[in-house]
Each structure stands twice: as structure tokens, then as C-alpha cells.
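What you are looking at is a predicted structure, and each value in this text was computed from that prediction instead of being measured.
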Amino acid sequence: MAAQYDVIVVGARCAGAPTARLLARQGYRVLMVDRASFPSDTISTHMIHPPGAARLQRWGVLDEVAATNCPPVEGYSMDFGPFTIRGRPRPYDGMTTGYAPRRYLLDKILVDAADRAGVEIREGFSVSAPIVEDGVVVGIRGDGHGGDGAEVIERARVVVGADGRNSHVAPVVEALEYHQKPPLQWSYYTYWSNLPVDGMEIVDRPNRGWAAVPTNDGLTMLVVGWPIAEAAEYKSDVEANYLRTLDLAPDFAERVRGATREEQFFGASVRSYFRTPFGPGWALVGDAGYNKDPITAQGITDAFRDAELCASALDAALSGALPYDEAMACYQQERDAGVLPIFEFTSQLATFEPAPAQMQHLLAAVYGNQDAMDDFVSLTAGTLSPAEFFAPENIRRIMASAPAHSG
């Protein structure tokens with residue numbers, strides 16, 4: 001049977017909707033399906049760092065995100081106890097500002113943008129499995145009629161799995177995993193009113209950590225993490241343990257005592273991995289193809305970047321500009337090269353192990369040097385690679401200009 005679509009995208013959130021939109025704007029016939037309906041919420045780190053915000057601006061939807069009463073995040077602070085490093089990220093395509101919108105708002109904006117681009121969208125469509133013929137993925141099957149049990153089959157030249165870390169596509173195509181790491185920490189987050197924060201605030205303490213960021217309608221999202229070995233204890237009394245952790249920074253805890261919790265606690269832990277993101281008739285994008293611990297809140301920004309990379313590679317392949325395997329291998333190589341340094345940096349942070357003495361000396365040297373502080377917060381903001389920051393020549397420069405207090 002002939003393919004009815006050029007591309008079917010499974011999953012319509014931060015990876016799927018932009019991928020579908022970008023391909024539709026190139027003139028391809030795209031079907032996007034999701035078992036959810038929109039607007040709807042999902043567990044999330046919320047933060048869109050400046051590279052993600054720059055892409056939203058390029059796609060013409062950043063103003064829509066800002067219009068949801070979501071304040072800009074213009075600075076980052078990292079409280080290490082003896083001192084706090086504060087800075088503004090280096091720009092990415094001229095963008096130094098981030099946002100942390102609620103997902104029921106953000107994802108609806110992205111789905112609507114895909115719709116305007118000409119993507120055919122089916123909400124409430126549960127994919128049971130990709131269809132594989134002679135080793136090639138040629139379509140999907142699933143319940144696409146509101147749960148009435150009637151099976152629907154749709155065919156395409158390529159099926160893109162954008163359906164998250166629990167992807168239905170990845171196991172069927174046997175996507176190879178590499179660079180795997182087990183879950184490293186367990187986090188709970190909730191939303192508070194009357195909790196003022198200055199940009200994105202991160203607090204690091206021995207075996208504990210948390211981050212707060214302003215989100216929509218005057219609320220602040222506050223996430224608190226413990227090492228995975230203590231997850232059972234954490235879960236035994238979430239609220240008490242969450243609040244007790246904040247007492248490790250008394251000034252911050254005092255702010256929270258003056259605030260009001262507005263929603264339930266949401267908890268999660270994830271393992272980290274890369275997956276080979278393509279094969280005959282299929283591709284993976286977003287968390288389906290690559291995932292890391294949420295401690296640096298890179299997930300949404302990563303999804304936007306991968307959407308552009310994947311859509312560009314698929315355009316090259318579908319248009320005949322490059323052979324499929326060559327185009328998609330370039331996608332994988334560019335993705336991996338771009339994220340491996342922050343993957344390793346994030347994984348180290350997520351252990352909550354005390355920084356080695358050499359790192360403590362470096363952080364003390366960074367403190368008080370505004371250029372160095374801006375560079376350091378740019379690691380989390382995604383505008384400077386750890387490979388650049390921790391390059392020996394950069395470390396020598398920071399240490400040489402260290403203030404006297406750095407010891």
C-alpha cells in the first residue's frame with residue numbers, strides 16, 4: 001500500500017509538535033497523533049533555557065508563551081552555602097532570557113502552531129505499535145476513534161517517535177541504547193504562591209539540592225531532590241522531608257514558611273541514556289532518543305534543539321538531497337556531540353556528592369569574578385558547554401584572576 005503521509009509523528013508535546021510543524025512548513029504531509037488531548041499537564045522541569053527561548057522566537061511563538069503571564073527568567077543563582085554565584089547567561093542567538101511555563105499552556109501553544117502550519121492532528125489517539133514490513137517501519141496502528149476499540153492503520157514514509165522516555169516506538173524498532181546511567185536522584189516539586197524568587201534559584205547542600213523558578217500566574221515551582229538511595233525514606237513522608245530539606249538554607253526556608261502551597265506534590269526519577277535515533281523508516285526525537293537527569297532542567301530545551309536537527313535531516317532525506325542513512329547519521333552525530341559534555345556534567349551533579357577539593361577551589365575562584373560567574377551559570381542555561389568552561393586554559397585564566405578571598 002502507498003504511504004498516505006510523508007511523516008507520522010507519535011507524540012505531540014515539546015519534541016513532537018515542533019518536529020511536525022517544521023516538516024509541514026517544508027511542504028510535507030504530516031500526521032501527528034497523541035494519546036492525550038490538549039491542553040493537558042505532564043510532569044516537567046518547566047524551564048526553557050535561553051537556547052530554547054531563542055528557538056521559540058525563531059518559530060514565532062515566544063510572544064504567545066510570554067502572554068500566558070509567564071515571567072521571564074533573566075538571571076541564575078547557585079547557592080553553595082559559603083557563597084552564592086549569581087550571573088546572567090551568555091547569549092544564544094542574542095537571547096539571554098528563559099521562561100518556565102506550565103506545560104498545559106506551553107504544549108497547547110506548540111500543538112496549535114503545528115495545526116496552523118498544516119499538520120493533521122489527532123488527539124486521543126493511542127498507538128499500539130509501529131507497523132514493520134520486511135524490517136522497515138511503514139506506519140502505525142492504534143485506537144484512533146475515542147477509545148471505541150476500532151483499530152486504525154496509517155502509513156507513512158517515516159514514523160517519528162516523539163513519545164518520551166517510555167516510547168512505544170523505541171522498543172519495537174530495537175533502538176540501541178548507549179551511555180546509560182541508572183536513576184541518580186528522586187525529586188518532588190509543587191507550586192507556591194507568595195514565594196518570591198530572583199530568576200532561577202538553585203541551592204546545593206551535601207546530599208540534597210533544590211531549585212525554584214517563577215511560573216505562570218504568580219506561582220513559583222520549587223523542586224527538591226534527594227539521592228536515589230534515600231528515595232524510599234523521602235517518599236515515606238514527602239511533605240515533611242521536602243520542608244525539612246529546605247531548613248538547610250534557613251533564609252530560603254523562611255521564605256517558604258511565608259508562602260502557600262497551591263497544589264499536590266509531583267515526584268519522579270529517571271534513568272539517563274542515548275538511543276540510536278534512526279533506522280529503516282523510523283526516527284526518534286526528544287526524550288524518546290536521549291534523556292538525562294532533570295537536575296539541570298535541560299529537557300524542553302533539548303527537545304526543541306533535537307526537533308530542528310531531526311526535521312532538517314528528514315527534509316534532506318525525503319527530498320533526496322542526501323541518502324536517508326547519511327542524513328540521519330548526521331543528525332545523530334550532531335546531537336551527541338552537542339550534548340555529551342552537559343550529559344556528563346549533569347550526571348555528576350545528580351549524585352549530590354560533595355564537590356572534590358579541586359572543584360571547590362575553582363568555585364571559590366569563580367565567586368566574585370562576574371565574567372566567570374556569568375560563564376558558570378551559562379552551563380546550566382545551556383549557552384556555554386562544560387567542555388569550554390572546564391578547558392585547562394579557561395581554568396588557568398579563572399584561577400589567575402581569583403579574588404583574594406578564594407584562598
Side-chain angles (χ1 to χ4, degrees), residues 13-15 17-19 21-22 25 44-78 85-103 105-110 112-114 117 197-202 211-216 220-221 285-286 290 292 294-312 334-335 337-339 341-343 345-346 370-389:
R13 293 192 185 270
C14 286
T19 302
R21 175 187 176 274
L22 290 166
R25 286 177 63 88
S44 175
T45 57
H46 293 66
M47 189 64 198
I48 305 173
H49 294 297
R55 288 183 169 89
L56 289 176
Q57 186 173 61
R58 185 156 63 239
W59 301 339
V61 295
L62 181 60
D63 287 347
E64 292 182 62
V65 173
T68 64
N69 195 21
C70 183
V73 175
E74 298 181 335
Y76 294 64
S77 67
M78 300 183 180
I85 292 174
R86 291 185 175 86
R88 182 158 186 159
R90 301 301 184 191
Y92 180 93
D93 283 355
M95 181 69 67
T96 61
T97 300
Y99 292 85
R102 296 291 296 266
R103 290 294 298 275
L105 295 167
L106 173 65
D107 294 354
K108 176 62 172 170
I109 289 170
L110 297 174
D112 287 349
V197 289
D198 183 10
M200 185 174 190
E201 296 189 16
I202 301 167
V213 66
T215 187
N216 300 88
T220 294
M221 190 279 290
V285 67
Y290 157 70
K292 61 177 173 292
I295 198 167
T296 52
Q298 302 289 318
I300 300 174
T301 304
D302 285 344
F304 291 171
R305 181 206 59 240
D306 289 356
E308 286 194 335
L309 292 175
C310 184
S312 177
E334 189 169 353
R335 181 199 68 174
V339 299
I342 189 65
F343 178 86
F345 179 71
T346 298
Q370 193 59 60
D371 282 344
M373 290 196 294
D374 289 345
D375 282 350
F376 187 74
V377 303
S378 295
L379 300 179
T380 296
T383 62
L384 182 69
S385 170
E388 296 177 71
F389 182 84

Verify, without hydrogens or angle tests, whether [X] (side chain) and [Y] (backbone) share a donor-acceptor contact under 3.5 angstrom.
X	Y	value
Gln298	Thr380	yes
His49	Asp302	no
Ser44	Arg103	no
Thr68	Val65	yes
Ser378	Thr383	no
Asp375	Leu384	no

What is the distance from atom [atom1] of [X] to atom [atom2] of [Y], rounded to the nearest 0.5 Å?
X	Y	atom1	atom2	value
Cys70	Leu105	SG	CG	8.5 Å
Ile202	Met78	CD1	CE	4.0 Å
Tyr290	Arg305	OH	CZ	6.5 Å
Ile300	Arg55	CD1	CZ	13.5 Å
Glu64	Trp59	CD	CH2	13.0 Å

Could you go through Met221 and Arg102, starting from their C-alpha distance and side-chain angles, then the distance that decides it, and tell me whether this counts as side chain to side chain contact (heavy atoms under 4.5 Å, CB included)?
CA-CA 9 Å; Met221 190 279 290; Arg102 296 291 296 266; over 6 Å; no

Would you name the heavy atoms of [X] and [Y] that are closest together and state the gap between them?
X	Y	answer
Thr45	Gly299	OG1-N, 4.5 Å
Pro51	Thr301	CB-CG2, 3.9 Å
Tyr99	Ala53	CD1-CB, 4.4 Å
Leu22	Ala307	CD1-O, 3.9 Å
Leu379	Ile342	O-CD1, 3.6 Å
Thr215	Ala100	OG1-O, 2.7 Å

Answer yes or no: does atom [atom1] of [X] have more than 12 heavy-atom neighbours from other residues, nucleotides or ligands under 6.0 Å?
X	atom1	value
Arg90	CZ	yes
Glu334	CD	no
Arg86	CZ	no

In sequence, state the C-alpha distance, the side-chain angles, and the governing distance for Ile85 and Val377, and then conclude on side chain to side chain contact (heavy atoms under 4.5 Å, CB included).
CA-CA 8 Å; Ile85 292 174; Val377 303; 4.3 Å; yes

Could you work out, with side chain to side chain donor-acceptor pair (under 3.5 Å) as the rule, every residue matching Asp93, not counting sequence neighbours?
Arg58

Residues passing the side chain to side chain donor-acceptor pair (under 3.5 Å) test with Asn69, sequence neighbours excluded, are Asp217

Do NZ/NE/NH1/NH2 and the carboxylate oxygens of Arg21 and Asp112 come within less than 4.0 Å?
no

How are the rings of Phe345 and Phe376 set to each other: parallel, tilted or perpendicular (split at 30° and 60°)?
perpendicular

Determine whether the side chains of Thr96 and Arg88 contain a donor N or O and an acceptor N or O closer than 3.5 Å.
yes

Using the side chain to side chain contact (heavy atoms under 4.5 Å, CB included) rule, take Leu56 and Leu110 through it: C-alpha gap first, then chi angles, then the decisive distance, then the call.
CA-CA 9 Å; Leu56 289 176; Leu110 297 174; 4.0 Å; yes

